[in-house]
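Everything below concerns the one structure shown next.
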Number of protein chains: 2
Amino acid sequence: MSLTVVGSVAFDALETPFGKRDKILGGAATHFSLAASFFTSVNAVGVVGGDFGDDEWAVFKRHHINTDDIEVVAEGKTFFWSGRYDYDMNTAHTLDTQLNAFETFDPKLSENSKKAKLLFLANIQPTLQKQVREQCPDAAFVAMDTMNYWITSTRDQLIETIKVVDCMIINDAEARQLTGEPNIHKAAKKVMDFGLKALVIKRGEYGATLFTETGFFSTPAYPLESVFDPTGAGDTFAGGFMGYLASQNEVTDEVLRRAMIYGSVMASFNVEKFGTIRVDGLDYPEINQRFREFKRMTHFDEVVFERATSA
Amino acid sequence: MSLTVVGSVAFDALETPFGKRDKILGGAATHFSLAASFFTSVNAVGVVGGDFGDDEWAVFKRHHINTDDIEVVAEGKTFFWSGRYDYDMNTAHTLDTQLNAFETFDPKLSENSKKAKLLFLANIQPTLQKQVREQCPDAAFVAMDTMNYWITSTRDQLIETIKVVDCMIINDAEARQLTGEPNIHKAAKKVMDFGLKALVIKRGEYGATLFTETGFFSTPAYPLESVFDPTGAGDTFAGGFMGYLASQNEVTDEVLRRAMIYGSVMASFNVEKFGTIRVDGLDYPEINQRFREFKRMTHFDEVVFERATSA
């Protein structure tokens, strides 16, 4: 099944304890597309400026990502984000945000993008997300992200958007903020009650949790001794998750569980190098080997306890 | 195999958003023994005052816990701890600590307690832990807990104790504090390097992680919408973990993994009611049902990704 993603394509500047980069390829739609491209055909919808160069386009081309719907505003500049990570690498401190061409982003979907069976609405203004969803009546499984800014400033529109999608992929702080519930399981129930089929809560170094109408599934994160650059980890997770779903014939509970693992696998690679470098250079044996490692690190035999006869 | 635990037996006073109790049975050795008693024979070693009453002894007796080595200081009072949990229930705020009879606790092990094949050194002064360990030459698997206070004030003695045990069961903050490593996997490696066979890192609502010489295993916590009273959850985990190990013929990687789940199962029950009430009233069908739920919430089929022929 084909997959369309709508979101930011950007340049990032980063400072981490491991080094500094002035201008590297980033953006939610970029990280998502790259991860998803290992599993399915991806249409990326976004906007860039005239400064988006051959090296950047080459990353998309290498992975056969359809960029027909990435609009080029020749006289404009590409969305720019600058951030710093301190020693613990858990929190991004934004140093600068220049929306540039992204400020007036008005997603225009070609017929090809509209026909996708799966759709991912990366973190953009909620009403824009809803408009995109409505342009894709054939989409059988639609997932969305959001962020603290939209939860605060456009809460009502955000909830209207949640009501027309099937799945949210958000982090635990966002789930708590959206519902006002400190307990993550109560928060999840309230988010599900907007009418979702599935909710994925990303928990950083603690892994990710899937809530569905019938069940609960949880996976740890891959054990990494060094997180090099966490930028884009959430979008890379979403790309692996949605890409794997698109590769399967139907979205069952079993398929969703494996999608959680493939999302975690792709995110674990993403953070090993700056920007898109690690995922850009991945191959299938590496992906499948790490999938098997997730199985090994979570498996136990279902042997229930029986009291010895003397008891 | 038999199991001995050395640690505190206490009265707790608690304030939580769900209610208040002035004087309920608590203490590390208490919570540990109760959880472990479902899996094996337990010898508890501790000290109480003359105020320790029939109702308290009855809890131990009901679960066939050997209390011969719980010394009674008739003229003294039992260790008393008072604490408050706020709305998020993650952090205990200590309001009062009265060591009482526990202040001069000098563990005296009977021949029976010394002969145990498994030994758990709950959170007491590290040199005392080491002395107990040396009294049990037959113990084939010895685990210990500790706390921030000992890491700061008796670091050298603590490390000498770690060197003579097989396993530590601590929380993530303690692992970071002990090693000065913010990354939990690097911290774990440094703790293992003291000579452990296994290290369990408890992560509260995020579950627990097992490190061994050859592998890594991680389990989520049971999804609870309400945590009623988290006091003793860590000791209850340790009781389920060590109790299950004692019920098996040998400590293999597979057995350790299931012990992690039984520890998590018992801890999940412990927090559902005040103090020891929930675990005191447990039965085997409940325990095994929750074990099966852990299997369901972590299981996925090992189906690696294969590209479609068209790709």
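Chain letters run A, B, ... following the sequence lines, proteins first, then strands; residues in each count from 1.
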With a 4.5 Å heavy-atom cut-off, do His185(A) and Pro223(B) have their side chains touching? yes
Are the charged groups of Glu302(A) and Arg296(B) less than 4.0 angstrom apart, N to O? no
More than 12 heavy atoms from other groups under 6.0 Å of CG on Asn249(B): no
Contact origin within Ser226(B) toward chain A - heavy atom pairs under 4.5 Å: both
Heavy-atom proximity to chain A below 4.5 Å, by part of Pro182(B): side chain
Any donor-acceptor N/O pair, Asn183(B) side chain to Glu225(A) backbone, under 3.5 Å: yes
Chain A heavy atoms under 4.5 Å from Arg290(B): which part of the residue, side chain, backbone, both or neither? neither
With a 4.5 angstrom heavy-atom cut-off, which part of Phe216(A) approaches chain B: side chain, backbone, both or neither? both
CG on Leu224(B) to NZ on Lys186(A), rounded to 0.5 Å: 11.0 Å
Phe300(B)-Tyr262(A) aromatic ring centre distance below 6.0 Å: no
One option among Ile184(A), Ile261(A), Thr40(A), Asp253(A) has the most heavy-atom pairs under 4.5 Å with chain B, and it is Ile261(A)
Verdict with reasoning, Phe39(A) to Phe305(B), per ring pair (Phe, Tyr, Trp, His ring centres under 6.0 Å): CA-CA 8 Å; Phe39(A) 301 97; Phe305(B) 179 73; 4.8 Å; yes
Structural part of Leu210(B) lying under 4.5 Å from a heavy atom of chain A: neither
Could you tell me which portion of Thr219(B) (side chain, backbone, both or neither) has an atom closer than 4.5 angstrom to a non-hydrogen atom of chain A? neither
Under 4.5 Å to a heavy atom of chain B? For His64(A) that would be neither
Between Tyr206(B), Phe291(B), Phe38(B), Phe294(B), who has the most heavy-atom pairs with chain A when the cutoff is under 4.5 Å? Tyr206(B)
Contact leader toward chain B among Glu254(A), Glu293(A), Arg292(A), where contacts are heavy-atom pairs under 4.5 Å: Arg292(A)
Give a yes or no on this: more than 12 heavy atoms of other residues, nucleotides or ligands lie within 6.0 Å of atom NZ of Lys115(A). no
Heavy atoms of other groups near Lys295(A) NZ, more than 12 under 6.0 Å: yes
So, the side chain of Arg257(A) versus the backbone of Asp301(B): is there a donor-acceptor pair under 3.5 Å, distance only? no
